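The block underneath contains the structure these notes are about, expressed in structure tokens.
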Amino acid sequence: MSTDARRGSLRGSDDLLADVFFPLYQRLFSDGSDFVADLETKLAEARMDDTVELFIARAIGVGVLVGIVLWLLGLFLGWVLFMTGIVATESIIGLPVPQNIANVINAIKVPALVISTGFVFGAIGFAAGFGGLVAIPYSKSSARKREINMLLPDAVSFMYALSIGGMNQLEILEAMARADDTYGEVSMEFRSIVQETEYFDTDYKTAVRNRALETPSDELSQFLTDMLSIINSGGDMQGFLSDKKDKHMRTAKQQQELTLETLELFGEMYMTLSLFPLLLIIVLVIMSMLGEAQTSLLYGTVYGLIPLTGVGFLVLVATVKQDEPGDGYLRVENGGEQASHQRAGLLNLGIIEDYVGTWSVFDRIKSREGTYETLQLLRRPHLFFRDNPLYTLGLTVPASLAFVAAAVLGGFAPTTMDAMLARPIGATFLVVYIPLYVIGFPLAVFREWNVQSRHRVIGKLSDNLRKLSSANDTGLTLLESIKTVADTTEGKLGDEFRVIHAKVHYGTNLRDALVEFNNKYHIPRLSRTVKLISKAQEASSQITAVLSTAAQASENQDDIDRERKSRTRMQLVIIIMTYLTLLAVMAILKVRFLDVMAGLTGAAADAGGGGAATGGTSFGGAIDVNLMNMLFFHAVTIQGILSGFIAGYIREANVLAGVKFAIVLPTIALLVFAFI
């Protein structure tokens, strides 16, 4: 069955479910319900084509089905717990009642508990099924709003550049609608305006007004409303876009400031959250000393609470930390058609992919191109892994698994808890640290190489855009300006300018040369600059104002990046120092407490139990020192790995950025525990 057929069958089952429960929807919800109206708005903002009535009816159906399943599971669980006596039911109320009432209670309490368990599970299932489906449009709307607000300053700059190039209002709207490879959801909003005018015979003023009402972004809604007033009054569109460009650039800086302040608050929260498991471990150890062994709670704290705290904080940061939308790739337009394959290489052979299957010659070309790319990879595998760091996992993960399996089969790695307790550091090194190094080192090295090689090109981007603007202002064409700047620019960007000039000199279209340059590095920020310049140069080679706008946008991004790096550096220090503090406390606890207690216990045993002879208690005798040593070491190891990933995500909004920290921090713990 084809993908479309499967989707159609799934869609049909959803519609059948909605039809079955539609009468129930009509009974539960009125036409004027605020919930229905709000959900209808969110469906429009999320660009979901379901009607609100069928969507809610489908959600009710899903909730009922999930509720029935969990209700049956709850009945079975209640029967197992209460009917079999796993959970005692002799004393349910605990209050004195008359005998006849007690007899009735004893007769119905077990069935009532079983039914109540089923009811609770069923209610949870319905809430999860119904609420989970209803939450989808809210989540999509929120994600679209976030992306629109992030891309709007650059989108307005793009529109301003088009207005400078002489485009009228309709042409600007159409150009924005086609720029979805750069401006994402902002472009989709303008595409809705264009499609409404083309296919529904709506004038573009009404289409703009409708989109202002339905967009999830308040900032874009205000922009469209203001633009509509300029259109209706016949005002200066270019001046309007210039003012809006400056306004949204200031707004972007303010939003970045708010985000950084929130991250600072999270950094302070992390200090408290990460120290909580340490305090709990200390309390549990003291309770063990007093004879109240809490081994299960210690296991839960080390292997449950610490990971959950770290993952929960990472998710919390992800709700605030804004990653850059888009993949940075631009499409090449050929004769009105847009080529879909831009990432030439072994993973994608380029434009030939569009023609495979049409004629046999294209199949032969693809086969030979694939052979050529494979040979290139074998000659220079380091460049392939630089461009695709995650593919190192295809080699390192199997190698790590093979090493651990060999260590276990050879008897070097522990297979029992007693073996782990006997040498916790050596066993953990074999099972955890060596796989961490084998997987993490290549990934961290190639990922950092990838980032540095791509970002060197934007280090002097703003200055070179100013140079291009100045050269173009003297009367040089854009190509001549690129050649002039290339002759006076060192580094990777200067080399790329010389390559662009050479490509155009030998027959490549300037727009295509710029797009190929962008796709080589595929940085979202660079793609927006290249898109702006390549689109403007189609109308004229004298685009001084456009280049100045691109330089201003780039400088604004430079300011934001500098502020982000400065402020997140402090968060990075807080996370690392918090971890080192935890490690120091654990080490002191082991050396000055556990080892001392072990010595005292051994001395008492050698003396024939003198403590007991004098009527005292065996203080500390209940402590399993080997177990505590293992748990302490595992606690700081797990905490180090999680702290590393959190630090990297806060720094660069990318989990892979934390791999290097996730290697270094546990290594410090390994060295400390190996020598104390």
Side-chain angles (χ1 to χ4, degrees), residues 263 266-285 294-321 393 397 400-401 404 413-414 417 420-421 424-425 427-440 443-444 571-572 574-587 589-590 627-651 653-670 672-673:
L263 287 177
F266 284 176
E268 297 174 2
M269 291 174 54
Y270 183 74
M271 294 180 62
T272 304
L273 290 175
S274 60
L275 292 177
F276 172 70
L278 169 64
L279 298 176
L280 185 58
I281 289 174
I282 294 173
V283 171
L284 293 175
V285 170
Q294 301 289 335
T295 305
S296 60
L297 290 180
L298 278 169
Y299 279 116
T301 301
V302 173
Y303 302 111
L305 182 60
I306 292 178
L308 286 177
T309 301
V311 173
F313 185 79
L314 190 62
V315 172
L316 183 64
V317 172
T319 62
V320 176
K321 187 72 174 177
L393 299 179
V397 170
S400 300
L401 294 176
V404 173
M417 180 58 70
M420 176 65 78
L421 292 175
I425 296 178
T428 305
F429 179 77
L430 288 175
V431 177
V432 176
Y433 279 87
I434 289 183
L436 178 65
Y437 295 149
V438 171
I439 295 173
L443 181 59
Q571 308 310 310
L572 190 66
I574 290 175
I575 291 174
I576 293 176
M577 293 305 297
T578 300
Y579 172 72
L580 294 178
T581 301
L582 183 146
L583 174 60
V585 172
M586 285 290 191
L589 196 62
K590 176 185 181 303
L627 174 62
M628 295 301 172
N629 287 335
M630 183 193 73
L631 292 178
F632 283 6
F633 181 54
H634 287 181
V636 294
T637 298
I638 296 172
Q639 185 72 29
I641 295 173
L642 292 172
S643 296
F645 282 111
I646 292 171
Y649 190 83
I650 288 180
R651 182 71 169 166
N654 191 319
V655 175
L656 292 181
V659 175
K660 56 182 179 292
F661 299 110
I663 294 174
V664 173
L665 296 183
T667 301
I668 297 174
L670 175 65
V672 169
F673 272 76

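In what follows, every heavy atom counts, from backbone to side chain, and hydrogens, waters and symmetry copies are set aside. What you see is a predicted model; the values in this text were computed from it and never measured.
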Taking only residues at least two apart or on different chains, which pairs with a member in residues 427-438 satisfy side-chain hydrogen bond (donor to acceptor under 3.5 Å, both in side chains)?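 Every pair satisfying side-chain hydrogen bond (donor to acceptor under 3.5 Å, both in side chains) with a residue in residues 427-438: T428-H634, Y433-T637, Y437-T667.
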Can you give me the closest heavy-atom contact between [X] and [Y], atom names plus distance?
X	Y	result
P307	I638	CG-CG2, 3.9 Å
V672	A587	CG1-CB, 3.9 Å
L430	V404	O-CG2, 4.3 Å
A635	I306	CB-CD1, 3.8 Å
A427	M420	CB-SD, 3.6 Å

Can you name the ring pair (Phe, Tyr, Trp, His ring centres under 6.0 Å) partners of F429, sequence neighbours left out? none
To the nearest 0.5 Å, how far apart are [atom1] in [X] and [atom2] in [Y]?
X	Y	atom1	atom2	value
L284	L297	CG	CG	5.5 Å
L273	L308	CG	CG	12.5 Å
F632	M586	CZ	CE	5.5 Å
L582	L278	CG	CG	5.0 Å
T309	L642	OG1	CG	9.0 Å
I434	I439	CD1	CD1	12.0 Å

Got [X] and [Y] here, is their nearest side-chain heavy-atom distance under 4.5 Å?
X	Y	result
T578	S643	no
V317	Y649	yes
L279	V283	no
Y270	Q571	no
I650	L572	no
L665	Q639	no
I641	F661	no
V659	F645	yes

M577 atom CE, over 12 foreign heavy atoms within 6.0 Å: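 Result for CE/M577: open.
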Strictly distance-based, threshold 3.5 Å: is any side-chain N or O of Y579 a donor or acceptor partner for the main-chain N or O of V636? yes
Return the orientation label for the F313 and F266 ring planes: parallel under 30°, perpendicular over 60°, tilted otherwise. perpendicular
For L631 and I281, what are the C-alpha separation, side-chain angles and deciding distance, and is it a side chain to side chain contact (heavy atoms under 4.5 Å, CB included)? CA-CA 9 Å; L631 292 178; I281 289 174; over 6 Å; no
Let me see the working for F673 and N629 under side chain to side chain contact (heavy atoms under 4.5 Å, CB included), right down to the final yes or no. CA-CA 9 Å; F673 272 76; N629 287 335; over 6 Å; no
Stepwise, does the side chain to side chain contact (heavy atoms under 4.5 Å, CB included) test hold for L627 with Y299? CA-CA 10 Å; L627 174 62; Y299 279 116; 3.2 Å; yes
